[in-house]
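Here the structure is laid out as structure tokens; the discussion comes afterwards.
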Amino acid sequence: IKIFFKKISILAFASSIFFLAGCSKGGDSPTPTPPTPPPVVVAESDIVFKVDVAGSEVNYATVFPVVGTSLIMNANITSTLPKDGVTIDVSVKKKSDNTVVFTTSLSSSAASNPVTVTGLTAGTLCVATITVTSKSKASNTALKTFELASK
């Protein structure tokens, strides 16, 4: 009987080890990787600028007098510049018949943008149009218009 109980004890012990081994977790699975957060999108500031001549802002409501046949003006961007920069289009046309007197297009990533308008004729009233457009968001645009006349 002693041998019988010894065999049963050994068998019970071995069975419990196999049972425990069969019930183990099996191994840790790796911690799931959290999803990548979406990129932070910074909203682009609306373009704001002014037109300066000789350090003073142009009065858009009056005719700007020009001495000679050229004018040095500055498209001075006062808002935060778009990340890809801007395009500055300058057009000067005769007010009487819309004939183009001067036109240029500049690409810039600077706040200060000097432009020399040439081809003005004494006694001719003209309309200058300056358009600043973001390169990264085409709908972000600003426009200034003023009249000028050469003496």
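The chain is numbered in sequence order, starting from 1. What you see is a predicted model, and the numbers here were worked out from it, not measured in a lab.
- Contact annotation: the side chain of T124 never approaches that of S150 to less than 4.5 Å [non-hydrogen atoms, C-beta and beyond].
- The two residues K151 and P65 make their nearest non-hydrogen contact at CE-CB, 3.8 Å.
- Residues V90 and M73 are in side-chain contact: their nearest non-hydrogen atoms beyond the backbone lie under 4.5 Å apart.
- Residues forming a side chain to side chain donor-acceptor pair (under 3.5 Å) with S108 (at least two apart in sequence, or on another chain): N113.
- With hydrogens and angles disregarded, no donor-acceptor distance shorter than 3.5 Å links the side chain of N140 to the backbone of T133.
- Here K135 pairs with S107 under the side chain to side chain donor-acceptor pair (under 3.5 Å) rule; sequence neighbours left out.
- For C126 against V101, the heavy-atom pair with the smallest separation is SG-CG2, 4.1 Å.
- No donor-acceptor pair under 3.5 Å is formed between the side chain of T99 and the backbone N or O of K94.
- Residues L71 and F64 meet the side-chain proximity criterion, which asks for heavy atoms closer than 4.5 Å.
- Residues passing the side chain to side chain donor-acceptor pair (under 3.5 Å) test with T78, sequence neighbours excluded: none.
- With a 4.5 Å cut-off on side-chain heavy atoms, S134 and D84 do not count as touching.
- Remark: the T131 side chain and the D89 side chain contain no N/O donor-acceptor pair separated by less than 3.5 Å.
- By the side chain to side chain contact (heavy atoms under 4.5 Å, CB included) test, V127 is found to be paired with K95, T129, T145, E147, residues two or more places apart in sequence or in another chain being considered.
- By the side chain to side chain contact (heavy atoms under 4.5 Å, CB included) test, S109 is found to be paired with no residue, residues two or more places apart in sequence or in another chain being considered.
- Summarising the geometry of T87 relative to S105, their closest heavy-atom pair is CG2-OG, 3.5 Å, with the distance given to 0.1 Å.
- Counting all heavy atoms, side chain and backbone alike, K50 lies closest to K144 at CA-CE, 4.4 Å.
- Side-chain contact between T121 and T69 is absent, with no heavy atoms from C-beta onward closer than 4.5 Å.
- Closest non-hydrogen pair, I77 versus F49, comes out as CA-CB, 3.8 Å.
- I88 places a side-chain heavy atom less than 4.5 Å from the side chain of I130.
- For the pair Y60 and V51, the minimum side-chain heavy-atom distance is below 4.5 Å.
- Side-chain atoms of S79 come within 3.5 Å of backbone N or O of V48 as a donor-acceptor pair.
- Counting non-hydrogen atoms of other residues, nucleotides and ligands closer than 6.0 Å to CD1 of I72 gives a total of 12 or fewer.
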Review point. N74 and S112: side-chain hydrogen bond (donor to acceptor under 3.5 Å, both in side chains), yes or no, with the steps?
Key: CA-CA 7 Å; N74 189 11; S112 179; 2.9 Å; yes
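- Contact record, A110 with L81: C-CD1, 3.6 Å, taken as the closest heavy-atom pair.
- For residues 110-122, no pair satisfies salt bridge (Lys or Arg N to Asp or Glu O under 4.0 Å), with sequence neighbours left out.
- Without hydrogens or angle criteria, T141 side chain to V132 main chain gives a donor-acceptor distance under 3.5 Å.
- Residues P82 and K137 are not in side-chain contact: their nearest non-hydrogen atoms beyond the backbone lie 4.5 Å or more apart.
- A distance of 8.0 Å separates CG of L125 from OG of S96, quoted to the nearest 0.5 Å.
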